[in-house]
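See below for the structure under consideration.
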Amino acid sequence: MELPKHYNPEESEEKYYKLWEKSGFFNPDVCKEKGAADPSKEVFSLVLPPPNVTGTLHMGHAAMLAIEDIIVRYARMQGRPTLWIPGTDHAAIATQSKVERQLYEQEQKTRHDLGREEFLKRVREFAQGSHDTIIHQIKKMGASLDWSRQAYTLDEQRSSATYAAFKRMYELGLIYRGNRIVNWCPRCSSTLADDEVEYKETNAVLYTFRYAKDVPIAISTTRPETKFGDTALAVHPEDKRYREYSGKVYTINLGAGDQEIRVIADESVDSEFGTGALGVTPAHSQIDAEIAQRHNLPSLQVINEKGEMTERTGPYAGLPVKEARKRFVAWLKEQGLLEREQQIPQNISVCYRCGTPIEPLPSLQWFIAVNKEFVLKHSQITGIASGSQTTLKELMRKVVAQKQITILPEQFEKTYFHWIDNLRDWCISRQIWFGHQIPVWYKNGEIFVGEKAPSPEWRRDPDTLDTWFSSGLWTFSTLGWPKDTDDLKTYHPTTLLETGYDILFFWVARMILLSGCLLGDIPFKTVYLHGLVRDEKGKKMSKSLGNVIDPLDMISKYGADATRLSLIVGVAPGSDSKLSENKVRGYKYFTNKLWNISRFVLMQTEDYDPKATPQLSREDEKILQEFRAMAQEVTRHIEGYRFYLAADSLYQYLWHTFADKVLEDSKPLLKDSATRAARQYVLVSILADSVKLLHPFTPFVTEAIYQNLPLAEKKETIMIEPWPVSI
RNA sequence: GGGCGUUUAGCUCAGUGGUUAGAGCGCUACAUUCACAUUGUAGAAGUCGCUGGUUCGAAUCCAGCAACGCCCACCA
């Protein structure tokens with residue numbers, strides 16, 4: 001059969017993805033049924049990190065899909081029962097803000113103008129649209145996901161898992177409600193978890209002033225307007241300058257009534273900074289709150305959830321913080337209290353979603369206690385016996401420290417431990433509407449935890465859960481938990497988690513926490529982290545820079561196979577990579593080269609008998625041996641997650657050995673009837689095994705070639721061909 | 001402030017103690033009715049960041065330094 005002169009990706013991609021879906025082999029149950037998977041072999045399971053339903057997929061998603069599909073197709077060709085679960089994430093804050101922005105741009109309305117129900121309807125519509133686009137894009141990449149098991153963090157089953165998880169952790173005493181300093185985003189009007197806060201370098205003014213003329217110690221601050229909430233003045237215990245004042249109490253008036261300021265000594269004060277004295281504002285600073293706790297100081301809230309001054313601040317009440325700062329500094333000057341104004345660089349904390357500066361506030365919120373002891377009933381965790389006491393932090397640390405979970409590349413284990421060691425309680429309540437509404441009900445000071453109210457008089461907590469709480473259940477909520485399903489027994493813990501290093505804390509660590517707590521087990525055995533896909537200059541791709549390369553664009557211009565290769569080759573695990581259209585084009589040339597290699601072989605083997613076993617020459621043997629050596633090397637690279645080297649070896653071999661040397665040398669031998677049959681055998685077998693080795697990387701072109709090969713026995717699809725070498 | 005990483009050809013990157021350091025892209029010259037011009041052949045191009053050490057031998061191991069990048073951290 002003769003192939004067309006140039007490979008046409010579009011045609012193959014359309015045709016073969018349909019064939020694969022129809023075959024059912026994406027589903028391990030079908031593979032077992034039809035004999036394509038060996039039930040006695042170790043299962044391979046992987047969850048797709050669910051993309052956010054905030055829009056469309058970018059090159060980072062494409063790279064993730066390429067890597068995971070390589071691993072999954074390889075496992076499947078090993079004959080292992082292989083499950084890759086697809087799904088999407090509702091991404092609470094991200095999605096809600098996106099719809100809010102649209103609503104404001106298009107209709108100048110806020111979510112409050114629509115009301116909770118109507119607004120949520122809009123968000124759901126938007127999410128559905130994004131979902132459909134995303135699924136289409138995933139399929140375009142050739143990802144071999146089991147669509148029969150598709151999940152969504154906010155669908156019925158995942159929601160009931162989320163509520164069940166909350167209830168169990170509440171009963172274990174690990175979820176509690178508390179009044180604590182939280183990271184408050186005034187724009188989102190919601191709390192944020194510690195790791196949802198980012199830092200931005202800015203220039204700030206450091207004001208040095210005295211509370212009053214008779215207070216002997218000046219303080220320095222960049223937030224003078226918070227000083228109405230000060231209840232102490234802290235100095236270092238060793239600081240000789242201030243030792244004599246320790247314990248004194250001053251009554252001051254900053255223009256909003258009397259305040260008592262006690263001079264205290266605390267180790268946490270840096271005597272080198274500013275005047276070496278710190279105004280303690282327990283209500284608006286985490287560190288001050290800790291000092292206040294140690295010294296039993298009262299806490300006065302002077303800024304509210306809207307970022308305005310509270311009633312307590314008298315003439316300043318109702319003013320936005322910036323305005324209050326301006327007026328208060330002017331007042332300090334008038335009073336002759338201001339000693340110095342100084343420009344300093346400062347890292348301010350901002351919301352990771354909208355960039356608005358964070359306002360630390362005391363607030364009544366739900367938390368997960370990471371240091372609290374609890375009894376782990378059934379434990380599969382090394383070093384923690386069933387029924388023994390542990391803490392979430394200990395559990396998270398142990399599974400990695402004892403190598404029950406391996407993180408690759410290894411350097412990220414250090415980052416992980418560093419994070420665990422600094423971990424504080426996780427604030428999981430959010431004051432937004434889109435998401436899982438907290439399953440807690442109130443009536444006359446009583447609390448009931450459950451998905452449904454015991455009777456109609458109970459009022460539900462209006463807040464929703466942090467999106468990472470539900471996605472943290474992903475490895476088991478997708479398998480049917482809290483029900484004890486066959487899927488859960490068969491596929492959990494999952495074999496591998498493959499994701500970007502940027503969500504190591506957000507997601508990976510949370511999955512370890514929640515799986516450990518709720519199942520007493522690890523969620524996955526290995527974590528493989530990939531880096532960011534940047535533009536050709538190494539800049540982050542972003543709409544505002546106009547340097548975004550769209551995966552669908554690349555696929556339609558150069559094909560999915562070329563796009564996949566361009567995201568794999570030259571990309572070291574865990575490090576960022578650079579992508580240019582030129583690189584994609586280069587791999588398009590390769591798919592075409594492969595196509596023409598096949599065209600040549602097929603043209604030379606029209607009279608080839610696949611059942612014959614011709615006598616091979618020494619040269620023939622040598623060529624086959626060289627191929628086998630390469631095939632083993634490729635296999636070892638895949639086993640070691642070195643996909644960049646595996647793909648490169650195949651590229652080198654096929655182009656510069658097989659095409660440039662073997663095929664060229666074969667031309668005379670094919671013309672000679674004495675050597676023709678043996679050479680045909682050599683070419684067909686190397687080509688057949690090569691497309692199998694390449695199939696995980698470039699599934700479409702290899703399927704197209706496979707379907708045309710003159711083989712004695714052929715499967716329905718190359719996808720279920722056994723891997724041609726073992727190591 | 002703490003931690004992590006990177007530094008090899010113009011560009012992107014391989015190469016974890018052993019002969020003259022490799023690939024892709026780019027560049028130069030030549031070829032071409034041949035499976036493929038989305039091609040082939042040949043070629044130019046590197047004091048392997050710097051300094052010192054270990055060794056018969058170092059891009060590779062060790063120490064120090066430098067530049068760049070990233071992560072964590074509420075010097076208020």
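First the proteins, then the strands, lettered A, B, ... as listed; each starts at 1.
A:His284 has no side-chain polar atom (N or O) that falls below the 4.0 Å cut-off from OP1 or OP2 of B:A76. Residue A:Gln346 places at least one side-chain N or O closer than 4.0 Å to OP1 or OP2 of B:A76. Contact annotation: A:Lys588 does not reach the phosphate of B:U38 (side-chain N/O to OP1 or OP2, under 4.0 Å). Put simply, A:Trp655 has a side-chain N or O that comes within less than 4.0 Å of OP1 or OP2 on B:G40.
Put simply, the side chain of A:Lys593 and the base of B:C36 share a donor and an acceptor less than 3.5 Å apart.
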Before you tell me yes or no, could you show the steps for A:Val682 and A:Phe627 under side-chain contact (heavy atoms from CB on, under 4.5 Å), namely the whole-Å CA-CA distance, both residues' side-chain angles and the distance that decides it to 0.1 Å? CA-CA 10 Å; A:Val682 170; A:Phe627 169 78; over 6 Å; no

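Stacking is found between A:His6 and the pyrimidine-like six-membered ring of the B:U38 base under the 5.5 Å centre-distance and 30° plane-angle cut-offs.
For residues 264-274 of chain A, proximity to RNA chain B is found at A:Val269, A:Asp270, A:Phe273, defined as any non-hydrogen atom under 4.0 angstrom from a strand atom.
A:Glu664 and A:Lys661 are not joined by a salt bridge, as no carboxylate oxygen comes within less than 4.0 angstrom of a charged side-chain nitrogen. The residues A:Arg241 and A:Asp239 are annotated as salt-bridged, a charged nitrogen and a carboxylate oxygen being separated by less than 4.0 angstrom.
Using the six-membered ring where Trp is involved, A:Tyr528 and A:Tyr641 have ring planes that are parallel, under 30° apart on the 30 and 60° scheme.
Base contact: A:Ser285 has a heavy atom under 4.0 Å from a base atom.
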N/O-N/O pairs, protein side and nucleotides 7-14 of chain B side, under 3.5 Å:
unit_1 : atom_1 : unit_2   : atom_2 : d
B:U12  : OP1    : A:Lys578 : NZ     : 2.9

Would you give me the side-chain donor-acceptor pairs under 3.5 Å for residues 645-658 of chain A, sequence neighbours excluded?
unit_1   : atom_1 : unit_2   : atom_2 : d
A:Ser649 : OG     : A:Glu633 : OE2    : 2.9
A:Ser649 : OG     : A:Leu645 : O      : 2.9
A:His656 : ND1    : A:Asp660 : OD2    : 3.0

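The shortest distance between side-chain heavy atoms of A:Arg599 and A:Lys5 falls below 4.5 Å.
Taking the C1' atom of each, B:U54 and B:A14 are spaced 27 Å apart, rounded to whole Å. If you take atom P in B:C13 and the same atom in B:U55, they sit 36 Å apart, rounded to whole Å.
Residues meeting the side-chain contact (heavy atoms from CB on, under 4.5 Å) test with A:Ala63, sequence neighbours left out: A:Val533, A:Leu567.
Residues in residues 556-584 of chain A take part in these salt bridge (Lys or Arg N to Asp or Glu O under 4.0 Å) pairs, two or more places apart or across chains: A:Asp69-A:Arg564, A:Arg534-A:Asp576, A:Lys557-A:Glu581.
Rounded to an integer number of Å, the gap from CG of A:Leu670 to P of B:A35 is 10 Å. Here the C1' atom of nucleotide B:U39 and the CG atom of A:Leu654 are 16 Å apart, to the nearest Å. Between the CD1 atom of A:Ile358 and the P atom of B:A73 there is a distance of 13 Å, given to the nearest Å. Residue A:Tyr587 contributes atom OH, which lies 14 Å from atom P of B:A23 at whole-angstrom precision.
Shortest non-hydrogen contact noted between A:Pro362 and A:His284 is CD-CE1, 4.3 Å.
Remark: A:Lys593 fails to qualify as a cation-pi partner of A:Tyr7 under the 6.0 Å distance and 45° angle criteria applied to the six-membered ring.
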Pairing string of RNA chain B (Watson-Crick or G-U wobble, both atom distances under 3.5 Å; | = paired to other strand) is ((((((((.[[[[.)..(...]]]].(((((.......))))).....[[[[[..)....]]]]])))))))....

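Although no hydrogens or angles enter the test, the distance criterion places a donor-acceptor pair under 3.5 Å between the side chain of A:Glu413 and the main chain of A:Ile407.
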